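Keep in mind it's a predicted model, so treat the numbers as computed, not measured. Counting starts at 1 for both ligands and their atoms, in listed order.
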Amino acid sequence: MSAVASPLAYKAGEYHPFRAGENEFIYLVPTGGIFEMTPAAAMALKHVQNRSRTADEMARELAAAGFPQALIDEVLADLIDSRLLVSPDRQPSFHQPLPANFPLQSMVLNLTNQCNLSCKYCYEYGEDKLATPEGKPKFMAWETARDSVDYFFRDSGGRESLHITFFGGETLMNFPLLKKIVDYAIGKAVSEGRFIDFSLTTNATLLTPAIIDFLAENRIGVTVSIDGPPEMNKLRVFANGRPSYDIIAPKIKMLLERHKTRPVAARVTLTAEVTDCIGIFRHLTEDIGFNEIGFAPVTSAPNRLHSVGATKMDRILDQFCQLADEYLAYAIDNRPHAFSNVSETVAELHQGVNKSHPCGAGLGLVGVGPSGDISPCHRFVDSDTHKLGHVSTGIDRALQADFLSRGHIQAKYDCHTCWARPLCAGGCHHEAFVRYGDTGHPNLHYCDWIRAWTNKCLEVYGSISVKNPSFLQHFDRRKEQ
Ligand code: SF4
Ligand code: SF4
């Protein structure tokens, strides 16, 4: 039946409009889809802004404006199909039942909870510490590591492609174990006809040519924690207060020279003291040579040391937007740009991501501590109150279901009217716990910031789709990988 012949009344569905240059777009909230507005579609939506109308009424208004009948039929059918026109009785549904057995895709192995640095903002120290490591091993033993890999393969069901991230403490303080795990997991993957790859996060202090060559030979992705040039890296110090920059800078350059099989990324922690994103970005790309930089602000409670307050978050947003504009100019020119905060969000927009949970924690991803305890992700490792099981016995499905049901978008009523929820879904469970004492609480302290940043990324995505659509194929490939 033609949409035009339908007697049903329609109202506008839930959407967020945005512009990219001369073009108007719509971000469709219930599905995470993005559509470029045609003049006829824009007019139809305008007509249902304040009251519902039947398709016949809309068709007549469009015909009076001079649009041909065939186009009107097509546009109205498209708007109804894509849920931009919906019945006035239709309420948004937040119910997305979880699959009974969601196979694991990624595991984070905390090889040690020890670190040779004492970074002043580290969540392992201070009031936000969740870990209860007392009486547990400081370094993961081989038997625990082997059981972890066996558990991971068992609980990853039929997945063909698996990923292990090595984490700490300082990961490389347990490098001999890392090597053994890589060999064991590759052998297991080959025998089962599956694919596995690896990544690690390190503070770079312990890198040597032999370690780097092992990482390169095994195509292990590396993320280096570094906050910029010496004056901005000042919170990353040894226990005696000695700065780490002069030790790590030559090692990172060696890493970038010798390790070419996978991207080497920098992860920058922004604090109240360090918010010069552009200066840091220039230093890490031009002086050091990173080709991927991601920023993460410390946004724990405002009374916590080093937490970035609202004014500085605005300053960070301004700089993110400048770097996003630069990213767009590069994309139009078919050149890669290192700012991964924008590339990761654009990738999610391109893939139509529509999240029931903010991240994979406790779902397709788990963290495993040196004791073999399973937790939702690396940030909850070693915390008795967030333990979901043990690698010897597997995950406790009741604990997992409780964690996931509290973190589901359905349970976050404040988010139900927010257009940014397909990507945000309430924000990090760990941050929610340290802020509000509940992993399922939405992170309501920076919603305006999230919406402004998501809108900027939508504008970048829309502009690329108009000016150089083939650039977006890069994100198809990332999805396949
Ligand atoms: S936490 Fe805030 S920004 Fe995120 S989905 Fe909820 S209301 Fe929106
Ligand atoms: S809970 Fe937070 S830290 Fe853990 S994986 Fe999710 S977003 Fe990352």
Side-chain angles (χ1 to χ4, degrees), residues 14-16 27 29-30 32 92 94 96 102 104-110 121-124 128-131 163-165 167-168 199 201 223 225 267 269 294-300 310 313 317 340-341 344-345 348-349 353-369 374-383 385-388 400 403-404 406-458:
E14 193 184 4
Y15 67 88
H16 171 70
Y27 182 48
V29 180
F94 299 97
Q96 296 175 42
F102 196 83
L104 287 178
Q105 177 133 48
S106 301
M107 182 168 69
V108 184
L109 279 177
N110 282 42
Y121 49 67
C122 182
Y123 59 85
E124 293 285 339
D128 291 337
K129 179 181 175 190
L130 302 186
H163 183 83
I164 293 179
T165 299
F167 208 81
S199 60
T201 297
T223 298
S225 302
R267 184 191 188 278
T269 301
F295 294 90
V298 173
T299 52
S300 52
M313 282 298 280
L317 181 61
S340 61
N341 294 68
E344 283 169 12
T345 306
E348 289 190 325
L349 291 171
V353 163
N354 185 14
K355 299 176 183 172
S356 61
H357 294 81
C359 60
L363 193 57
L365 162 81
V366 288
V368 176
I374 300 169
S375 57
C377 80
H378 57 290
R379 287 219 176 178
F380 293 103
V381 153
D382 268 347
S383 163
T385 36
H386 296 93
K387 178 177 166 176
L388 295 180
Q400 181 189 31
F403 175 81
L404 291 176
R406 275 183 297 115
H408 196 291
I409 190 69
Q410 187 177 3
K412 297 175 179 172
Y413 303 107
D414 296 285
C415 303
H416 288 186
T417 51
C418 173
W419 65 261
R421 68 176 185 273
L423 293 191
C424 173
C428 170
H429 302 288
H430 176 269
E431 190 171 337
F433 187 81
V434 295
R435 273 256 179 180
Y436 305 98
D438 177 1
T439 55
H441 199 292
N443 285 288
L444 299 173
H445 46 283
Y446 63 144
C447 297
D448 289 343
W449 196 101
I450 291 287
R451 283 189 283 262
W453 175 239
T454 308
N455 188 67
K456 183 70 190 178
C457 291
L458 282 165

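Near Arg421, the atoms of ligand 1 lying under 4.0 angstrom from a non-hydrogen atom of the residue are 5 (S). Interface atoms of ligand 1 facing Cys415, defined by a heavy-atom separation under 4.0 Å, are 1 (S), 5 (S), 6 (Fe), 7 (S). Contact atoms of ligand 1 toward Cys424: 1 (S), 3 (S), 4 (Fe), 5 (S) (distance under 4.0 Å to a heavy atom of the residue). Atom numbering of ligand 2 starts at 1 in the shown order; those under 4.0 Å from a heavy atom of His429 are 1 (S).
Separating the SG atom in Cys377 from the CG atom in Asn110 is a distance of 9.0 Å, to the nearest 0.5 Å. Atom CG in Leu404 sits 8.0 Å away from atom OG in Ser356 (nearest 0.5 Å).
The aromatic rings of Tyr436 and His445 lie tilted to each other, with the angle between the two planes from 30° to 60°. A perpendicular orientation is assigned to the rings of Phe380 and Phe403, their planes being inclined by more than 60° (bins at 30° and 60°).
The nearest protein atom to atom 6 (Fe) of ligand 2, hydrogens excluded, is given as Cys359 SG, 2.3 Å; this is a heavy-atom distance. The shortest contact between atom 4 (Fe) of ligand 2 and any protein heavy atom is with Cys377 SG, 2.3 Å. The shortest contact between atom 8 (Fe) of ligand 1 and any protein heavy atom is with Cys418 SG, 2.4 Å. Protein heavy atom nearest atom 2 (Fe) of ligand 1, with residue, atom name and distance: Cys447 SG, 2.3 Å. The nearest heavy-atom contact from the protein to atom 1 (S) of ligand 1 is Gly426 CA, 3.6 Å.
Using a 4.5 Å cut-off on side-chain heavy atoms (C-beta onward), Phe102 and Gln400 make no contact.
If you run side-chain hydrogen bond (donor to acceptor under 3.5 Å, both in side chains) between Arg451 and each of Asn455, Asp448, Thr454, only Asp448 comes through.
A donor-acceptor pair shorter than 3.5 Å cannot be found between the side chains of His416 and Glu14.
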